[in-house]
Amino acid sequence: MREYLIKNAKIVNENKIFEGDVHIKDDIIVEVSTSISAKSSNIKIIDADGKHLIPGIIDDQVHFREPGLTHKETILTGSRAAVAGGITSYFEMPNTNPQTTTIEKLEEKFAMAKDNSYANYSFMFGGTNDNLEEIKKVNPKTTAALKLFLGSSTGNMLVDNEKVLEEIFRNSPLIIATHCEDEATVQKNLEAHIKDYGEDIPIHLHPKIRSEEACYLSSSKAVALAQKTGARLHVFHLSTAKELELFSNKLPLEKKKITAEVCIHHLWFDESDYEEKGTYIKWNPAVKTAKDRTELLKALDKNLLDVVATDHAPHTKGEKNNVYTKAPSGGPLVQHALPAMLEFYHQGKLSLEKIVEKMCHNPAILFDVDKRGYIKEGYKADLVLVDTQSPWTVNSRNIFYKCGWSPFNGTTFKSRVSHTFVNGHLVFENFKFNKGLFGERLEFNR
């Protein structure tokens, strides 16, 4: 039997912060109370005095690059960096090589994760122009969601057949998660800029190519299609203030049919950062204006945006250091997402309760994740201790990504993750990993 007693923590859960203790037995939270006494000498006690205890983060959008692109990242290295950042569960995307567009390839990825993941895992099934019959066969109780690229990105899984798209929206047994950028608009803008600059387009023009118009046209189309068909739609990584008008905060999350998320990089960076960061902050959708960044943060607080995710998508430095048209979009984020979000707490822009709601509770609600995302008796013991008064600076010695770099390199965060529990196992403690891989396949209450 494995037992821990976390004492004197500031527990952040369900819109409250209270001082208390948490008793873990094997993989389950067995008691949460203001004071718990150790009833056995075999219980390992962790004094959390001064620290905040939050549920393990559920990141609904990561690219761990396995199979086929493992020079960038693997399930092992990606999940390792994730637990260092307090992420105890993740949904991985289908644009690997081969793509996850058949049930056979989906189950192969689950088999890979079984023996290689530090964190709990699920995978999204990929939609294409010609795999509707395969989509209909996917079991919603064991698979996170259906991912549709309505704009081309890494992996070229663009779904652009209008008739097929509507049929997918009408028939998907899964929540539909979309990457929304209008392909015709992006290609038109790209061709115009190549005409002016050749292949070496200045990086600050990236948000002009993958523009506000491209995002809004695609997002509004997806929302309209969901309204027409009754599909359950989740729009990934909003990057513009204009798109916010497509979403509502009038219903509680449990009753929403159309939801949206924002990613760390669209809250943290804006177009003024391209000069310093260059292609290291080249993402799809693009980082845009300071106004967009400010309005997205406000919308998160007002519940127009439901979830915070990372869209962790690493590439090597060599790949990133190419000219504009050859430098891939995406960057590593799982290790630094929570420290970055906690900076907004220190700045007085978001409460700790709101951060936990958007990163822990809401992904569990939105995707019907079984017994995770909360600090509750009977739930899985996925827990994170955070020291909000322990500054540290990101550098090459403390970055755990396989690619070896971070867009936050040189940034000093005021908060750090001190302990991460996955299924009752203490897997990460003070910048060191304990032995063992304890991630489990996530289950869904659908």
Side-chain angles (χ1 to χ4, degrees), residues 1-58 82-89 118-120 338-339 342 345 351-357 359-365 369-390 392 414-440 442-443 445:
M1 184 176 289
R2 183 177 65 259
E3 282 191 87
Y4 288 93
L5 181 57
I6 302 171
K7 296 282 295 180
N8 307 313
K10 297 175 183 176
I11 299 171
V12 189
N13 191 58
E14 295 185 282
N15 206 33
K16 295 178 182 177
I17 300 177
F18 62 96
E19 292 197 10
D21 303 346
V22 174
H23 181 195
I24 302 166
K25 187 177 291 186
D26 289 333
D27 61 340
I28 299 296
I29 298 169
V30 293
E31 188 177 1
V32 181
S33 183
T34 53
S35 181
I36 302 171
S37 299
K39 297 177 177 65
S40 166
S41 59
N42 294 324
I43 297 178
K44 182 174 181 179
I45 296 174
I46 295 176
D47 187 359
D49 187 36
K51 296 178 182 177
H52 290 84
L53 184 69
I54 70 170
I57 292 167
I58 301 171
V83 298
I87 293 169
T88 59
S89 299
Y118 280 81
N120 305 305
L338 178 57
L342 291 170
Y345 157 69
S351 68
L352 289 176
E353 298 95 316
K354 185 64 70 173
I355 291 169
V356 166
E357 175 188 308
M359 300 185 82
C360 310
H361 302 337
N362 282 8
I365 294 169
V369 182
D370 185 43
K371 289 186 169 56
R372 301 186 193 273
Y374 291 85
I375 302 176
K376 287 183 178 181
E377 293 173 4
Y379 271 54
K380 292 283 190 173
D382 297 338
L383 299 165
V384 180
L385 270 175
V386 176
D387 190 336
T388 59
Q389 304 298 323
S390 184
W392 63 291
K414 294 183 176 67
S415 306
R416 69 180 179 92
V417 172
S418 66
H419 299 70
T420 303
F421 289 86
V422 177
N423 298 309
H425 295 272
L426 181 57
V427 296
F428 179 77
E429 185 175 5
N430 296 319
F431 287 103
K432 294 182 180 179
F433 297 91
N434 294 322
K435 289 184 179 180
L437 298 168
F438 303 108
E440 296 178 353
L442 295 169
E443 296 178 354
N445 294 315

Query raised in the report: Sub-3.5 Å donor-acceptor pair from the side chain of D387 to the main-chain atoms of Q389, do we have one?
Result: yes

Query raised in the report: In a check of side-chain hydrogen bond (donor to acceptor under 3.5 Å, both in side chains) between N423 and each of N120, T88, D27, which one passes?
Result: N120

**Report entry** Row check, Y374 ring normal vs K376 NZ/CZ: under 6.0 Å, within 45°
**Finding:** yes

Query - Ring centre gap for Y118 and F438 strictly below 6.0 Å - result: no

Query raised in the report: Is I11 close to I17 at the side-chain level, that is, under 4.5 Å between some pair of heavy atoms?
Result: no

**Report entry** Heavy-atom closest contact (K51 atom, S418 atom, distance)
**Finding:** NZ-OG, 3.4 Å

**Report entry** N/O donor-acceptor pair under 3.5 Å between D21 side chain and S33 backbone
**Finding:** no

Query raised in the report: Is the number of heavy atoms from other residues, nucleotides or ligands under 6.0 Å of K414 NZ greater than 12?
Result: no

**Report entry** From R2 atom CZ to N42 atom CG, the distance as rounded to the nearest 0.5 Å
**Finding:** 13.5 Å

Report task. Answer yes or no: is there a donor N or O on one side and an acceptor on the other, between the side chain of H361 and the main chain of G373, under 3.5 Å? Result -> yes

**Report entry** More than 12 heavy atoms from other groups under 6.0 Å of CD on E443
**Finding:** no

Query raised in the report: Would you say the side-chain atoms of K25 pair up with the backbone N or O of G424, donor to acceptor, closer than 3.5 Å?
Result: no

Query - Worked verdict on H52 versus L352 for side-chain contact (heavy atoms from CB on, under 4.5 Å) - result: CA-CA 9 Å; H52 290 84; L352 289 176; 3.4 Å; yes

Query - Pairwise side-chain contact, I6 with L383, heavy-atom cut-off 4.5 Å (strictly under) - result: yes

Query raised in the report: Given the rule in the side-chain contact (heavy atoms from CB on, under 4.5 Å) test, do V356 and N13 qualify, once you have shown the distances and angles that lead to the verdict?
Result: CA-CA 7 Å; V356 166; N13 191 58; 5.5 Å; no

Query raised in the report: Is there a donor-acceptor contact under 3.5 Å from the side chain of E377 to the main chain of V32?
Result: yes

**Report entry** Beyond-backbone contact of I375 with V12, side-chain heavy atoms, under 4.5 angstrom
**Finding:** no

**Report entry** Point-to-point distance, once rounded to the nearest 0.5 Å, from CD of E3 to OG of S40
**Finding:** 6.0 Å

Report summary line: To the nearest 0.5 Å, atom SG of C360 lies from atom CD1 of I58 at 7.0 Å

Query - Atom pair CD1 (I57) and OG (S89), whose distance is rounded to the nearest 0.5 Å - result: 10.5 Å

Query - Contact check, side chains of Y4 and I43, non-hydrogen atoms, under 4.5 Å - result: no

**Report entry** Non-hydrogen atoms of L338 and G85 that approach each other most closely
**Finding:** CB-O, 3.5 Å

Query - Heavy-atom donor-acceptor pair, N434 side chain to L426 backbone, under 3.5 Å - result: yes

Query - Between CD1 on residue I36 and NE2 on residue H23, distance to nearest 0.5 Å - result: 7.5 Å

Query raised in the report: For the side chain of H419 and the backbone of F428, is there at least one donor-acceptor N/O pair under 3.5 Å apart?
Result: no

Query raised in the report: How are the rings of F431 and W392 set relative to one another: parallel (under 30°), tilted (30 to 60°) or perpendicular (over 60°)?
Result: perpendicular

Query - Step-by-step side-chain contact (heavy atoms from CB on, under 4.5 Å) determination, V386 to L342 - result: CA-CA 10 Å; V386 176; L342 291 170; 3.5 Å; yes

Query - Test item: R416 side-chain N/O and T388 main-chain N/O as donor-acceptor pair under 3.5 Å - result: no

Query - Heavy-atom side-chain contact between D382 and P55 under 4.5 Å - result: no

Query raised in the report: So does E440 pair up with R372, basic N to acidic O under 4.0 Å?
Result: yes

Report summary line: Here the gap from L53 atom CG to E19 atom CD, rounded to the nearest 0.5 Å, amounts to 12.5 Å

Requested in this report: Before giving the answer on side-chain contact (heavy atoms from CB on, under 4.5 Å), spell out for I46 and L5 the whole-Å C-alpha distance, their side-chain angles and the decisive distance to 0.1 Å.
Outcome: CA-CA 6 Å; I46 295 176; L5 181 57; over 6 Å; no

Report task. Evaluate the criterion salt bridge (charged side-chain N to carboxylate O under 4.0 Å, His left out) for residue pair E429 and K432; output intermediate values, then yes/no. Result -> CA-CA 5 Å; E429 185 175 5; K432 294 182 180 179; over 6 Å; no

